[in-house]
Amino acid sequence: MKIQPWEGSAVFPDLCDTLLTWRRSAPDTRDLPWRDEPAPYHVWISEIMLQQTRASVVRGYYLRFLAALPTVRDLADVDDDALMKLWQGLGYYSRARNLKRAAQAIVEKHGGDLPDDFDALLALPGIGRYTASAISSFAYGRPCPAVDGNFLRVAARVTANSIDIAKDASKRALEESLRPCYPTGKDAGLLNEAFMDLGATVCLPNGAPLCHACPAVRLCLAHDRGTELDYPVKSALKARRKEHRTVLLLRCGDRCAIRKRPARGLLAGLWEYPNLEGKWGKRKVLEHLAAAGFAVRSIAPLPPACHVFTHIEWNLTGWEVYVEETNDAPLCAAEDDAPSALLWVRRADLADTYSIPAAFGYFTPR
């Protein structure tokens, strides 16, 4: 595929020099632990965690993850439930599954070390062009622009380019146009950090940029024309599909019921509270429980909740139900797969062992 040059890219050599000088001279005030020791494994884990997640949220998860799984081999061998427990709360759980799959491939094909080759990195599960570029530049000093949303926003404003940044072709155009301007060695990573930091702290999304604090303001066409808020241009996302679900917090003594979701699809392989498609009222829930063989002691509504995924929005109704005895038979059919048997666990088990995704966390027993 032929990549068209980024319109206005003639300014990129001056922009890269300016931002690199700014990053070298300015203190790093973001306190990001993965910058302290940019080993390949550390860079990889941090970059995967940072996808779709704010840096302030990632910090604690990153430190806990490395304490539990300090090497690629540890990650390759980790139990799936233990991995998901470490990931609980970060969301987008396929990232964690791909981490383990990639770690196993690294052990098998690369002797346990992340490869020092862009294409080899790109061939690993869950690693796209951005992550391969980040590892290549931060860990190995390769001249690879790690083009993310911050990059695209800065470049679109500096060049007053109305290109649609939601398209992969736009990212490739920026990547290819910036690559000849990139240094090697430590400066490659510093320049990527400069673009990221400028976009995160100065050239802000969803509002007016802080142009008075921008080291590249003299180069910025959008600022010169007073059109900063016209950029970047991004096509609208497809509207989310809305679904109703009814969550049943089944309790028996000091235990509650969970089950494992199917191995494919949304939240694949994670633990959940039993739930049903649609919005179920009290009488219908009681009838369902009776048909499943449960003797209900009490039932009470839980506060409704709404959970937003990338493409789906769940409107959640909840019922807390105390039953006289447990039943090992499946209660509710799992989505698009055979139903999973219920597992009765104590609250301490939920905290220490089983990963309940945030979509069901609204109903965690007290």
Side-chain angles (χ1 to χ4, degrees), residues 30 32-35 42-66 75 83-103 121-122 124-135 138 145-154 156 164-168 170-172 174-175 192-193 195-201 203-207 232 234-243 261 264-270 272 305-314 355-362:
R30 298 187 69 193
L32 304 176
W34 43 89
R35 290 185 177 178
H42 296 177
V43 173
W44 174 40
I45 298 302
S46 68
E47 291 297 340
I48 297 299
M49 286 185 171
L50 286 164
Q51 295 171 9
Q52 308 288 339
T53 311
R54 296 189 309 275
S56 59
V57 174
V58 165
R59 191 178 192 280
Y61 284 96
Y62 169 82
L63 295 172
R64 185 167 66 249
F65 192 97
L66 286 186
L75 174 56
L83 176 61
M84 292 305 168
K85 190 62 184 177
L86 286 169
W87 202 266
Q88 182 177 343
L90 276 173
Y92 300 92
Y93 287 84
S94 61
R95 295 182 294 172
R97 287 188 288 272
N98 281 331
L99 276 173
K100 181 175 177 178
R101 290 175 56 214
L121 288 167
L122 202 59
L124 294 170
I127 294 185
R129 297 189 66 85
Y130 165 79
T131 304
S133 295
I135 296 169
F138 293 135
V147 174
D148 66 354
N150 287 321
F151 254 86
L152 289 160
R153 184 168 58 258
V154 170
D164 184 354
I165 67 166
K167 295 182 177 179
D168 286 339
S170 302
K171 300 172 186 177
R172 290 293 301 276
L174 181 55
E175 182 183 310
N192 277 333
E193 288 179 1
F195 272 102
M196 294 172 186
D197 289 356
L198 189 72
T201 64
C203 198
L204 303 173
N206 306 319
K234 187 176 183 180
S235 54
L237 295 174
K238 184 178 179 181
R240 293 188 185 94
R241 182 173 78 251
K242 294 187 177 182
E243 298 179 353
R261 289 179 63 83
R264 300 181 303 276
L266 186 65
L267 303 176
L270 300 179
E272 66 176 0
C306 177
H307 191 82
V308 176
F309 299 94
T310 303
H311 303 297
I312 302 173
E313 178 181 310
W314 277 0
S355 174
I356 302 294
F360 298 98
Y362 309 101

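One side chain, Y92 or T310, offers a donor N or O that lies under 3.5 Å from an acceptor on the other.
Contact of the M49 side chain with the F65 side chain is registered, since non-hydrogen atoms from C-beta on lie closer than 4.5 Å.
Annotation: salt bridge (charged side-chain N to carboxylate O under 4.0 Å, His left out) contacts of E175 (sequence neighbours excluded): R129, R179. In this structure A166 satisfies the side-chain contact (heavy atoms from CB on, under 4.5 Å) test together with D164, K234, S235, sequence neighbours excluded. K100 is linked by a salt bridge (charged side-chain N to carboxylate O under 4.0 Å, His left out) to D80, counting only residues two or more places apart in sequence or in another chain. Here F151 pairs with F195 under the ring pair (Phe, Tyr, Trp, His ring centres under 6.0 Å) rule; sequence neighbours left out.
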F360/L270 under side-chain contact (heavy atoms from CB on, under 4.5 Å): CA gap, chis, key distance, verdict:
CA-CA 11 Å; F360 298 98; L270 300 179; over 6 Å; no

Working note: I135 + I127, criterion side-chain contact (heavy atoms from CB on, under 4.5 Å); need CA distance, chi angles, decisive distance, verdict.
CA-CA 10 Å; I135 296 169; I127 294 185; 4.3 Å; yes

L32 and Y62: CA distance, side-chain angles, deciding distance, side-chain contact (heavy atoms from CB on, under 4.5 Å) verdict:
CA-CA 10 Å; L32 304 176; Y62 169 82; over 6 Å; no

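Within the structure, salt bridge (Lys or Arg N to Asp or Glu O under 4.0 Å) contacts touching residues 89-98 (residues at least two apart or in different chains) do not occur. For residues 51-66, every residue pair satisfying the salt bridge (Lys or Arg N to Asp or Glu O under 4.0 Å) rule, not counting sequence neighbours, is listed here: D31-R59.
A ring-centre distance under 6.0 Å is not found for H311 and F309.
A side-chain donor-acceptor contact under 3.5 Å links R153 to the backbone of C203.
Residues E313 and R240 are not paired through a salt bridge, judged by the lack of any N-O separation under 4.0 Å between the basic side chain and the carboxylate.
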